[in-house]
Amino acid sequence: MQITDVRVRKVAKEGKLKAVVSITIDDEFVVHDIKVIEGEKGMFIAMPSKKALDGEYRDIAHPINSGTRERIQSTILGKYEESLEEEEPIVVDEM
């Protein structure tokens with residue numbers, strides 16, 4: 001499995017949610033709404049989820065093993081860091 005595309009949409013408001021990401025796998029399958037979250041121990045991803053009848057959130061798409069999760073997470077966080085570096089600096093006119 002190869003992640004062939006990562007699209008990062010940064011979130012402008014303050015808070016723990018930093019971006020929402022879509023990934024394409026093998027140029028054939030897309031997973032939308034993966035969240036980049038800033039936690040107490042650093043950045044991590046949360047897979048797309050849905051609220052169940054019991055009030056719990058359950059992933060609707062997720063990797064089967066920890067190695068695949070780690071590969072997806074490191075790829076996404078790498079692209080997120082790149083997107084931060086591409087930001088245009090804000091120019092403020094001084095009067």
Side-chain angles (χ1 to χ4, degrees):
M1 177 192 87
Q2 295 296 318
I3 299 171
T4 52
D5 189 34
V6 178
R7 302 210 178 188
V8 177
R9 294 179 308 280
K10 291 177 271 193
V11 174
K13 64 182 180 177
E14 292 294 318
K16 294 179 186 264
L17 179 64
K18 300 301 179 188
V20 179
V21 177
S22 296
I23 62 170
T24 303
I25 299 168
D26 293 332
D27 286 321
E28 295 180 351
F29 189 80
V30 177
V31 180
H32 295 291
D33 297 331
I34 301 170
K35 296 168 192 72
V36 175
I37 299 172
E38 184 174 25
E40 291 179 11
K41 297 179 182 178
M43 303 293 272
F44 67 95
I45 64 167
M47 298 304 288
S49 60
K50 181 178 178 181
K51 192 172 187 176
L53 295 174
D54 63 4
E56 294 287 320
Y57 283 89
R58 295 201 172 64
D59 289 350
I60 54 177
H62 60 88
I64 297 297
N65 59 56
S66 60
T68 302
R69 175 176 279 281
E70 186 57 40
R71 189 163 29 132
I72 291 170
Q73 180 166 284
S74 64
T75 301
I76 288 173
L77 294 181
K79 289 291 186 178
Y80 173 72
E81 292 296 327
E82 284 178 23
S83 76
L84 294 178
E85 294 169 6
E86 294 170 358
E87 276 188 27
E88 296 282 324
I90 298 173
V91 178
V92 178
D93 289 334
E94 294 186 29
M95 294 192 173

Trainee: Could you verify whether a donor N or O on one side chain and an acceptor N or O on the other, from D27 and T4, lie under 3.5 Å apart?
Mentor: yes
Trainee: Evaluate whether atom CZ of F44 has more than 12 neighbouring non-hydrogen atoms of other residues, nucleotides or ligands under 6.0 angstrom away.
Mentor: yes
Trainee: Are L17 and V31 in one and the same hydrophobic cluster, where Ile, Leu, Val, Met, Phe, Trp and Tyr link if side-chain heavy atoms are under 4.5 Å apart?
Mentor: no
Trainee: I need the single residue from R58, K51, K50 that forms a salt bridge (Lys or Arg N to Asp or Glu O under 4.0 Å) with D54. Which is it?
Mentor: R58
Trainee: Report yes if the side chains of V30 and I23 come closer than 4.5 Å at any heavy-atom pair, otherwise no.
Mentor: no
Trainee: Any idea which heavy atoms bring M47 and A61 closest together, and the distance?
Mentor: CB-O, 3.2 Å
Trainee: Within the structure provided, determine whether K10 and V8 are in side-chain contact (heavy-atom separation under 4.5 Å).
Mentor: yes
Trainee: Atom CZ of residue position R9 - does it have more than 12 heavy atoms of other residues, nucleotides or ligands inside 6.0 Å?
Mentor: yes
Trainee: How close do M43 and V36 get, heavy atom to heavy atom, and via which atoms?
Mentor: CE-CG1, 3.6 Å
Trainee: So do the side chains of R71 and M1 get within less than 4.5 Å of each other, counting heavy atoms only?
Mentor: yes
Trainee: Nearest 0.5 angstrom please: H62 NE2 to I34 CD1, how far?
Mentor: 12.5 Å
Trainee: For I72 and I3: C-alpha separation, side-chain torsions, deciding distance, then whether side chain to side chain contact (heavy atoms under 4.5 Å, CB included) applies.
Mentor: CA-CA 8 Å; I72 291 170; I3 299 171; 3.8 Å; yes
Trainee: To the nearest 0.5 Å, tell me how far T24 OG1 sits from Q2 CD.
Mentor: 13.0 Å
Trainee: For E38, is there an ion pair with K18 - N to carboxylate O distance below 4.0 angstrom?
Mentor: yes
Trainee: Over all heavy atoms of both residues, which pair between S22 and D33 is shortest? Give the atoms and the distance, please.
Mentor: OG-N, 4.4 Å
Trainee: Do you reckon V6 sits in the same ILVMFWY cluster as V20, going by side-chain contacts under 4.5 Å, direct or chained?
Mentor: no
Trainee: Kindly indicate, with the supporting measurements, whether the criterion side chain to side chain contact (heavy atoms under 4.5 Å, CB included) is fulfilled by I45 and R69.
Mentor: CA-CA 9 Å; I45 64 167; R69 175 176 279 281; 4.2 Å; yes
Trainee: Using the rule that two of Ile, Leu, Val, Met, Phe, Trp, Tyr join whenever any of their side-chain heavy atoms come within less than 4.5 Å, decide whether L84 and I37 are in one cluster.
Mentor: no
Trainee: Counting C-beta onward and ignoring hydrogens, is there a side-chain heavy-atom pair between K35 and V11 closer than 4.5 Å?
Mentor: no
Trainee: Quick one: are D59 and P48 in side-chain contact, heavy atoms under 4.5 Å?
Mentor: no
